Amino acid sequence: QLRTLWQSTPAHLKVSLEEPREVTAAMMLGTLAHSVILEPDAPLPGVVIQPDEYEPLKKWTYAAKACKEWRSKQEAAGLIPLKPEEYNAVFGMAKSIAAHPFSGPMLTAGRPEVSLVTFDERNQIAVRSRVDFVGDGVDYLTDLKTTQDASPRAFEKKASSEGLHIQAALYLMLWNALAGADDHRTGFRFIVVEQKPPHAVNVFPASESFLAKGREDAARMLALYAKCHHANDWPAYAPELHELNLQRWAQDL
C-alpha cells in the first residue's frame with residue numbers, strides 16, 4: 001500500500017483498496033511459484049491442468065464453448081486452471097532457483113512467509129508486512145520476485161519505478177523493531193527469476209543508498225497514509241497548473 005501511495009496519490013490508493021484486484025496470469029504464476037519455492041513441503045494450492053484436447057483431435061481453445069464451460073466449472077470448484085506450460089513454468093522457476101549458486105543456499109535454512117505486525121506510535125496506525133524468507137545465520141531478509149526480465153538493467157528499472165526500496169526498508173524496520181538486538185538485520189536481498197524458460201535467476205543485495213532512500217520514503221508515506229486514514233480524506237493531485245514540455249528524447253528528433 002505504501003508503494004502504491006508513493007507511485008500515485010491517496011485517492012488512487014483508496015480506489016485500489018476498495019475495488020477487487022484483477023488477478024493476471026503473471027500474478028497467478030508468481031503466487032504459485034512462491035508456494036513451491038518457499039514452502040516445497042506444503043501442498044500446492046488447488047490447481048488443475050488444462051487438457052491438450054477438448055475432443056479427440058480437437059486442440060484446446062477457449063474460443064470453444066466446451067473449453068469455456070470447463071474453465072468456469074473448475075473455478076467454481078475453487079481450482080486454478082493452468083496451461084501445461086504454466087504448470088511447468090512454476091517448477092522450472094523452482095528448479096532454477098535451487099540450482100543457482102547464490103539463491104539456492106539462501107533458501108536452505110530459515111523460515112518462509114514470516115508475518116510482521118506492530119503499532120506505529122508516532123503515526124498511531126498498525127503496520128504489517130510479510131517477509132518471504134528469513135534465513136538462519138545471515139544478516140539480511142530475502143524477497144522473491146518473478147518477472148519477465150531478471151537482467152540487472154531491467155530489474156533496477158523495475159525496482160526504481162515500483163518503489164521496491166520502500167518495501168526493503170520497511171521490512172527491515174519492522175523486523176528490527178520486533179526482533180531487537182537478538183537478531184538485528186542490516187541487509188535485504190531480492191531473488192529474481194524469469195517466468196519463461198530458461199528461468200534465469202539473479203540475486204540483488206540492496207545497496208545502503210537504496211535502503212537509506214527507502215527509509216526516508218517509507219517514513220514519509222507512513223505519515224501521509226496516517227494523515228489520510230485519520231481524517232478519512234484521500235486527495236488526488238494538487239490543484240495547480242503544470243507547464244507541459246517535451247521530454248528530452250523528443251526534443252532531439
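As the structure is a computational prediction, the values presented were derived from the model and not from experiment. We count residues from 1, following the sequence as given.
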Out of curiosity, does [Y] fall in the hydrophobic cluster containing [X] (side-chain heavy atoms, cut-off under 4.5 Å, transitive links)?
| X | Y | value |
| --- | --- | --- |
| I166 | L172 | yes |
| V192 | V203 | no |
| I49 | V90 | yes |
| V193 | F204 | no |
| V127 | M173 | no |

Would you indicate whether the side-chain heavy atoms of [Y] and [X] approach each other to under 4.5 Å?
| X | Y | result |
| --- | --- | --- |
| L107 | I191 | yes |
| L2 | Y225 | yes |
| L38 | D132 | yes |
| P51 | W70 | yes |
| S129 | W175 | no |
| I125 | L222 | yes |
| S103 | V201 | yes |
| P84 | D52 | yes |

Out of curiosity, [X] [atom1] to [Y] [atom2], how far, rounded to the nearest 0.5 Å?
| X | Y | atom1 | atom2 | value |
| --- | --- | --- | --- | --- |
| F133 | M106 | CZ | CE | 9.0 Å |
| N202 | T147 | CG | OG1 | 11.0 Å |
| H12 | S16 | NE2 | OG | 9.5 Å |
| K14 | S8 | NZ | OG | 14.0 Å |
| N123 | D120 | CG | CG | 4.0 Å |
| W6 | L224 | CH2 | CG | 14.0 Å |

Applying salt bridge (Lys or Arg N to Asp or Glu O under 4.0 Å), name anything that partners E75, two or more places apart in sequence or on another chain.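 With neighbours one apart ignored, the set is R71.
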Is the shortest side-chain N to carboxylate O distance from K213 to D217 below 4.0 Å?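 The answer is yes: the pair qualifies as a salt bridge.
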What I want to find out is whether E216 reaches R220 closely enough, with some N-O distance under 4.0 Å, to be called a salt bridge.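 No, this pair does not count.
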Might you point out which heavy atoms bring [X] and [Y] nearest each other, and give the distance in Å?
| X | Y | answer |
| --- | --- | --- |
| G135 | V138 | O-CG2, 3.6 Å |
| A33 | M93 | CB-CE, 3.7 Å |
| L211 | T186 | CD1-O, 3.7 Å |
| A150 | A200 | CB-O, 4.0 Å |
| G214 | A169 | C-CB, 3.3 Å |
| A168 | F190 | CB-CZ, 4.2 Å |

Decide side chain to side chain contact (heavy atoms under 4.5 Å, CB included) for F155 and K145; before the verdict, give the C-alpha distance in whole Å, the side-chain angles of both, and the deciding distance to 0.1 Å. CA-CA 10 Å; F155 189 68; K145 299 292 185 192; 4.2 Å; yes
Hey, is [atom1] on [X] packed in by over 12 heavy atoms from elsewhere, all under 6.0 Å?
| X | atom1 | result |
| --- | --- | --- |
| E39 | CD | yes |
| Q251 | CD | yes |
| E243 | CD | no |
| F102 | CZ | no |

With side chain to side chain contact (heavy atoms under 4.5 Å, CB included) as the test, would you mind laying out the steps for L116 and V131 before giving the verdict? CA-CA 8 Å; L116 308 176; V131 181; 3.6 Å; yes
Do you see a donor-acceptor pair shorter than 3.5 Å between the side chains of [X] and [Y]?
| X | Y | value |
| --- | --- | --- |
| R189 | T142 | no |
| T31 | H34 | no |
| Q148 | Q195 | yes |

Determine, step by step, whether Q167 and D143 satisfy the side chain to side chain contact (heavy atoms under 4.5 Å, CB included) criterion, reporting the C-alpha distance in whole Å, the side-chain angles of both residues, the deciding distance to 0.1 Å, and the verdict. CA-CA 9 Å; Q167 175 191 2; D143 190 74; 2.9 Å; yes
So, the side chain of E162 versus the backbone of A159: is there a donor-acceptor pair under 3.5 Å, distance only?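 Looks like no, no N/O pair under 3.5 Å.
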Within 45° cone of Y140 ring axis and under 6.0 Å: R185 NZ or CZ: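 No; the conditions do not both hold, so R185 does not lie above the ring face of Y140.
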L13 and W234: CA distance, side-chain angles, deciding distance, side chain to side chain contact (heavy atoms under 4.5 Å, CB included) verdict: CA-CA 8 Å; L13 173 59; W234 305 84; 4.2 Å; yes
Apply salt bridge (Lys or Arg N to Asp or Glu O under 4.0 Å) to residues K73 and E69 and explain how you reach the verdict. CA-CA 6 Å; K73 182 179 179 180; E69 291 177 345; over 6 Å; no
Working note: F188 + H165, criterion ring pair (Phe, Tyr, Trp, His ring centres under 6.0 Å); need CA distance, chi angles, decisive distance, verdict. CA-CA 10 Å; F188 197 93; H165 64 302; over 10 Å; no
Contacts of type side-chain hydrogen bond (donor to acceptor under 3.5 Å, both in side chains), residue E208, not counting sequence neighbours: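 side-chain hydrogen bond (donor to acceptor under 3.5 Å, both in side chains) check on E208 returns R215.
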Any residue meeting side-chain contact (heavy atoms from CB on, under 4.5 Å) with E19, in chain and number order, not counting sequence neighbours: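 For E19 the side-chain contact (heavy atoms from CB on, under 4.5 Å) partners, ignoring immediate neighbours, are V15.
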